[in-house]
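Data block below; observations after.
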Protein chains: 2
Amino acid sequence: MGLTKSEIFSKNQNDIAQIAKVLGHPARIAILEHISKVKTCICGDLVNEIGLAQPTISQHLKELKSIGILKGNIEGTSICYCINTEKWEEIRTILNQFLNIFSNPNNNCC
Amino acid sequence: MGLTKSEIFSKNQNDIAQIAKVLGHPARIAILEHISKVKTCICGDLVNEIGLAQPTISQHLKELKSIGILKGNIEGTSICYCINTEKWEEIRTILNQFLNIFSNPNNNCC
DNA sequence: TTGTTTTATCGTAATATTGCAATATACAAT
DNA sequence: ATTGTATATTGCAATATTACGATAAAACAA
């Protein structure tokens, strides 16, 4: 069906999954890595940097914006994208919290 | 096209994205949470626990196995799934490393 | 052997995702 | 007004994902 049955899961489970889903594409990882590397906003060099067509990059940026991890400011003729620091922290906290549910070394596994 | 251009990205970027993609479904989050909660193997109660049909659960388990985070041992008539502790740690390390690329507070953002 | 239980696989329908060409929009500079 | 530049949106084709009924396979019990 292609349609996730979100209603049978908790908000937290859906939140974690949605964040992970957005991070689940190498182009979006590359975009975030590039922004963090140049340590400033990116204003359109992503198309040359990444190697995908401009509409494709634009679409990936839109998905990153959908979880708030990126924000875009209009800067004259171009748009300046940068990381939303608070949201990045929040996402890191959510994912870490999930990754820590299995931190106990004494699991009696088969 | 629906086909990710993996070849233009680095192995690390593809690895992170693949892990995130597998975690990008609430049913798979719920499966991992359930296993970590009962602190032992699960042997088939997932279908009742989660509320999806048995073939659907089986498919999600297969995807979780694809990144090694789950392993299944045949236990008589049923199959016993449990978390692969080493792989879980590895995945946590990979994701943490990524989430830490933007830890500097002094980003000169617009 | 026959039946039961448990999990996997196949087949299929519905929907989502990816990628890009074409086009639209917005603004700056002439 | 027109041209150029930068980004967004639309529309579409190809592929992937999600979900489940039907069925198969495996292990055991009676």
Side-chain angles (χ1 to χ4, degrees), chain A residues 1-9 13-14 16-31 34-35 40-67 70-82 110, chain B residues 1-9 13-14 17-31 34-35 41-67 70-82 110:
Chain A
M1 299 173 177
L3 178 57
T4 298
K5 282 189 163 180
S6 309
E7 70 277 9
I8 67 173
F9 302 105
Q13 287 166 340
N14 280 308
I16 295 169
Q18 203 206 339
I19 290 167
K21 193 174 186 180
V22 170
L23 297 180
H25 194 289
R28 297 194 281 267
I29 298 296
I31 288 170
H34 180 68
I35 299 186
T40 175
C41 307
I42 41 122
C43 308
D45 47 345
L46 279 175
V47 175
N48 305 316
E49 187 70 30
I50 305 227
L52 289 170
Q54 181 267 324
T56 309
I57 296 290
S58 187
Q59 202 173 329
H60 284 306
L61 288 170
K62 190 178 177 183
E63 291 190 61
L64 287 166
K65 266 191 293 185
S66 79
I67 57 168
L70 277 192
K71 55 181 177 183
N73 298 59
I74 297 170
E75 189 88 7
T77 174
S78 64
I79 288 187
C80 159
Y81 274 108
C82 56
C110 45
Chain B
M1 297 173 177
L3 178 57
T4 297
K5 282 191 161 181
S6 308
E7 70 277 8
I8 68 172
F9 302 105
Q13 287 167 341
N14 280 308
Q18 203 205 338
I19 290 168
K21 193 175 185 178
V22 169
L23 296 180
H25 193 289
R28 298 195 280 269
I29 298 296
I31 288 171
H34 181 66
I35 299 186
C41 307
I42 41 119
C43 309
D45 48 345
L46 280 175
V47 175
N48 304 316
E49 187 68 30
I50 305 224
L52 290 170
Q54 180 267 325
T56 309
I57 296 290
S58 188
Q59 202 174 330
H60 284 305
L61 288 170
K62 190 178 176 182
E63 291 190 61
L64 287 166
K65 267 192 292 186
S66 79
I67 57 168
L70 276 192
K71 54 182 178 183
N73 298 59
I74 296 170
E75 189 89 5
T77 174
S78 64
I79 289 188
C80 160
Y81 273 108
C82 56
C110 45

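From a predicted model like this one, the values you see are computed outputs, not experimental measurements. Labels below follow one simple rule: chain letters A, B, ... track the order of the sequence lines, proteins then strands, and each chain is numbered from 1. Scope of the values below: all heavy atoms of this structure, side chains included, with no hydrogens, waters or symmetry mates.
Proximity of B/Tyr81 to the phosphate of C/dT6: no side-chain N or O atom is located under 4.0 Å from OP1 or OP2. A sub-4.0 Å separation between OP1 or OP2 of D/dT7 and a side-chain N or O of A/Lys62 is absent. Contact annotation: A/Ser58 side-chain N/O to D/dT7 OP1/OP2 distance is not under 4.0 Å.
The NE2-P distance, from A/His60 to D/dT7, rounds to 16 Å in whole Å. B/Leu64 places its CG atom 16 Å from the C1' atom of C/dA8, with the value rounded to the nearest Å. Straight-line distance from the CG atom of A/Leu70 to the C1' atom of D/dT7: 15 Å, rounded to whole Å. Look at CG on A/Leu23: it is 14 Å from P on C/dT17, rounded to the nearest Å. When the C1' atom of C/dT9 is taken as reference, atom CD of B/Glu63 falls 14 Å away, rounded to whole Å.
One distance of note links NE2 of A/His34 with CD1 of A/Ile50; it measures 7.5 Å at 0.5 Å rounding. Rounding to the nearest 0.5 Å places CD1 of B/Ile29 at 12.0 Å from CD of A/Gln18.
Residues A/Leu52 and A/Ala27 share a closest heavy-atom pair of CD1-CB, 3.8 Å. Nearest heavy atoms, B/Ile31 versus B/Leu46: CG2-CD1, 4.0 Å. For A/Thr4 against B/Pro26, the heavy-atom pair with the smallest separation is CG2-CG, 3.8 Å.
Side-chain atoms of B/Gln54 lie closest to C/dA8 of the nucleotides D/dA8, C/dG19, C/dA8. For B/Ile79, counting side-chain heavy atoms from C-beta on, the closest listed nucleotide (C/dA8, C/dA22, C/dT9) is C/dA8. Checking C/dA8, C/dG19, D/dA19 against every side-chain atom of A/Thr56, the shortest atom distance belongs to C/dG19.
Within the nucleic acid shown, B/Leu52 comes within 4.0 Å of sugar-phosphate atoms alone, with no base atom in reach, counting heavy atoms only.
Mapping A/Ala53 and B/Leu61 onto DNA chain C by nearest heavy atom places B/Leu61 at the nucleotide closer to the 5' end. In terms of position along DNA chain D, the nucleotide closest to A/Ile57 lies nearer the 5' end than the nucleotide closest to the other residue of the pair A/Ile57 and A/Ser6.
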Atom pairs, N/O to N/O, protein against nucleotides 11-16 of chain C, distance under 3.5 Å?
unit_1, atom_1, unit_2, atom_2, d
C/dA13, N1, A/Met1, N, 3.2
C/dA13, N3, A/Met1, N, 3.4
C/dA14, N3, A/Met1, N, 3.2
C/dA14, N3, A/Met1, O, 2.5
C/dA14, N3, A/Gly2, N, 3.2
C/dT15, O4', A/Met1, O, 2.5

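Evaluation of the side-chain hydrogen bond (donor to acceptor under 3.5 Å, both in side chains) test over residues 58-67 of chain A, restricted to residues two or more places apart or in two chains, returns A/Arg28-A/His60, A/Arg28-A/Glu63, A/Lys65-A/Tyr81. Within the structure, no pair that satisfies the side-chain hydrogen bond (donor to acceptor under 3.5 Å, both in side chains) test touches residues 46-56 of chain B, not counting sequence neighbours.
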